[in-house]
Amino acid sequence: MDMDNPDSKRKAPRRKRDIRVILHFDLDCFYAQCIENANPHLKLVPLGIKQKSILATCNYVARSHGVRKLMGIHEAKRLCPDLVLADGEDLSPFRDVSKKIYSLLKSYSWNGRVERLGLDEVFLDVTDVVAYNLELLNHHCLEQSWFCLSREDPERGFGFDASAVAGCSWPLDDPDPISKDDDDDDDDDDALRLRLRLLLGSHLAFYLRQQIEHLGYTSACGIATNKLLAKLAGDKNKPQNQTTLLSSHSPASFLDPLPLSKIPGIGSKTITALKNLLKTDNDDNLTVRAARTNPAVSPAALERLLAGGGERGIGQRIWLLLHGIDTGEVKPARDVPRQISIEDTYRGLASLSHIREGLVQITASLLRRMHVDLVEDDSTEHVTTSSVSSTSSPAPPAATTTGAGKKGRRRWTAQPKTLRLTTRPYYPPSERDRYEYNHGRVSKSVALPRFVFDLGAETEVIVDRLVEGTLLPLFHALNPDSKRLSIGLLNVCVTNMDGGNDGGGGGDIVAAFRRQKEVEEVRAVAYGCLSDHDHDEEEDGDVVEEEAEESDMEEAEWVEEEDEQDGMRCRLCGCVIPFFAAEAHGRWHEVGEG
DNA sequence: GACTACAGTT
DNA sequence: AACTGTA
């Protein structure tokens, strides 16, 4: 086998130069900034954002008292009795701000490569913008340069001093003169151009941070030739400055002193594995240098060590990371999220009614988010800037009249296909330490019933039907033992968005049309039997005839087919039950009604 | 320890 | 479709 080339572990991997310019923005203590901007007087007091019993984050006033993120409320209060606590459990205000900043940055991208990492970090690949401006540069008058932000409109841009890097750089004592030593000119030229590219990146970053600041937010930024280095560089001068990694071509001296845990992609599991390989328990010894120079560390060895959890090629990837090489591209901005999930943790949800309550709760907020993220207002089309009046709009258009449905005002930009429920048991503090905190996490997915896409219906009704018809059965399937029931986590997630593609019903217009029909169908059937008559066993056909005005004969077929696909329709409540859950659902009726 | 969200791999 | 890992 050609497993590992003995050489490969010795010398640093051969690098073909990375010629990209990557920016990494990081909004410092993001939640706190959001809250502070909404209530400016909080800027001067120690502020903590709490989720359950811990601090998600806190502002710098609080930090000066020794408070740290992820600290328990009690300890934080002890350290800083004046600590003001804000509730951070509803993420929607944070998401709104995050989206605003994200679209700001996106609007400056030429290639659309704008990747969001969590709510408070954004990668930007600005290689093209920088290359364009590199050509524009007048090398005889660097001090008065013009940075062009638009190819079409040369006026759009800003003046800057291209003789110096904007913000901080690394290494600090920037050995400006590109060493005109012995080496051939090609290398020098390369190095010069690399330096200039990064320099241009630094000015763009500076400008963009100013724009973010106009929105009221401060940020840090890292400028380098790949995502790994950009992210790590940004850490150097947090929270409110930027750092350009000028030595991108030989990052060893930059990376070597860092603890391994700092490397994005190396988490707790990987650290544990590496401890074995490096034969150390001392965390101080767990630096990039230690791993990089240890002969036991080779791509193949790492692969053997880490591939247990699945990932193929992870050994190679980690090893390259240790050498400062990260080939990961900044992924193009996605129009719709890949998945939407809501979860909540509990201190032992034990009874069915409590569980139901919890499910209703998170399902409602899931539905709200689906509307926020996936429903587009047709009339307003491409209005990206929601700059106005978003401060405190009183109750958005929450289900405006079921009856007087305005024709085609709003529509789904994507429809998730599957619904997943995840639960985790609750362990009382006494037996807590016997398991890791995620022990016992289980999940199960089903097709997402289509009636959730009904825009004309009351949210409440949809939630109710989803919980009772789908989620509770799902829950029973996951937790068959109803005797010893104690839940620590509920998570509901919709995935498999279709951007108008394959899936269960072809792509394009026809499919969309058919899907719309289905929605109307199901809705007619559903509400027919829910609201009007408690639960008579009406023939589906009858109800359809009555409720769906514009229906043709086609539609009846669809109802049939859907029954076949998704399962069977419960005669008691009218829900479509996946076959596997039919029995559990039946039990639910017994328990619930009896 | 304790929170929420997301994504990659089988 | 389920699980695992990470920020």
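Chain A is the first sequence line, chain B the second, and so forth, proteins listed ahead of strands; every chain is numbered from 1.
- Residue contacts shown for A/P264 are limited to sugar-phosphate atoms, with no base heavy atom under 4.0 Å away.
- The side chain of A/K444 contributes an N or O atom lying less than 4.0 Å from OP1 or OP2 of C/dA2.
- The phosphate of B/dC6 (OP1 or OP2) has a side-chain N or O of A/R369 nearer than 4.0 angstrom.
- Only one option out of A/L47, A/V45, A/L55 pairs with A/L83 in a side-chain contact (heavy atoms from CB on, under 4.5 Å); it is A/L55.
- Using a 3.5 Å distance cut-off with no hydrogens or angles, the side chains of A/R465 and A/T363 do not pair a donor with an acceptor.
- Considering only the side chain of A/R95, B/dA5 comes nearest among C/dA7, B/dA5, B/dT4.
- Put simply, CG on A/D28 is 19 Å from P on C/dA7, counting in whole angstrom units.
- The residue A/G265 sits close only to the backbone: its heavy atoms come under 4.0 Å of sugar-phosphate atoms, none of a base.
- Atom pair A/H439:NE2 and B/dG1:C1' shows a separation of 17 Å (rounding to whole Å applied).
- With DNA chain B read from its 5' end, the first of the two nearest nucleotides for A/I342 and A/K331 is the one closest to A/I342.
- A/S92 is linked by a side chain to side chain contact (heavy atoms under 4.5 Å, CB included) to A/D90, counting only residues two or more places apart in sequence or in another chain.
- Residue contacts for A/L119: at a heavy-atom cut-off of 4.0 Å it reaches no nucleic acid atom on any strand shown.
- In this structure, CD of A/E121 is placed 13 Å from C1' of B/dA5, rounded to the nearest angstrom.
- Under 4.0 angstrom from either OP1 or OP2 of C/dA2 there lies no side-chain N or O belonging to A/R441.
- Put simply, the side chain of A/R338 and the base of B/dG8 share no donor and acceptor less than 3.5 Å apart.
- Computed from coordinates, the A/L228 CG to C/dA7 C1' distance equals 15 Å when rounded to whole Å.
- For A/R209 (side chain) and A/S219 (main-chain N/O), a donor-acceptor pair under 3.5 Å exists by modelled atom type.
- Residues passing the side chain to side chain donor-acceptor pair (under 3.5 Å) test with A/K331 are A/E115, sequence neighbours excluded.
- If you measure from atom CD of A/Q339 to atom C1' of B/dA7, you get 6 Å, rounded to the nearest angstrom.
- Using a 4.0 Å heavy-atom cutoff across all strands shown, A/D344 reaches sugar-phosphate atoms only and no base atom.
- In this structure, the CG atom of A/N496 is 10 Å from the C1' atom of C/dA1, given to the nearest Å.
- A straight line from CG of A/L419 to C1' of C/dA2 spans 15 Å, rounded to a whole angstrom.
- When the nucleotides C/dA1, C/dC3, B/dC3 are ranked by their closest atom to the side chain of A/S445, C/dA1 comes out on top.
- Note: CZ (A/R116) to C1' (B/dA7) measures 14 Å, nearest angstrom.
- Across C/dC3 and B/dC3, the matching P atoms stand 22 Å from one another, rounded to whole Å.
- Note on A/S443: every side-chain N or O is 4.0 Å or more away from OP1 and OP2 of C/dA1.
- Checked options A/T225, A/V330, A/L245; the residue passing with A/I22 is A/V330 (criterion: side-chain contact (heavy atoms from CB on, under 4.5 Å)).
- Side-chain N/O atoms of A/S341 include none lying less than 4.0 angstrom from OP1 or OP2 on B/dT4.
- When distances are taken from the side chain of A/I54 to each of B/dT4, C/dC3, B/dA2, the shortest belongs to B/dA2.
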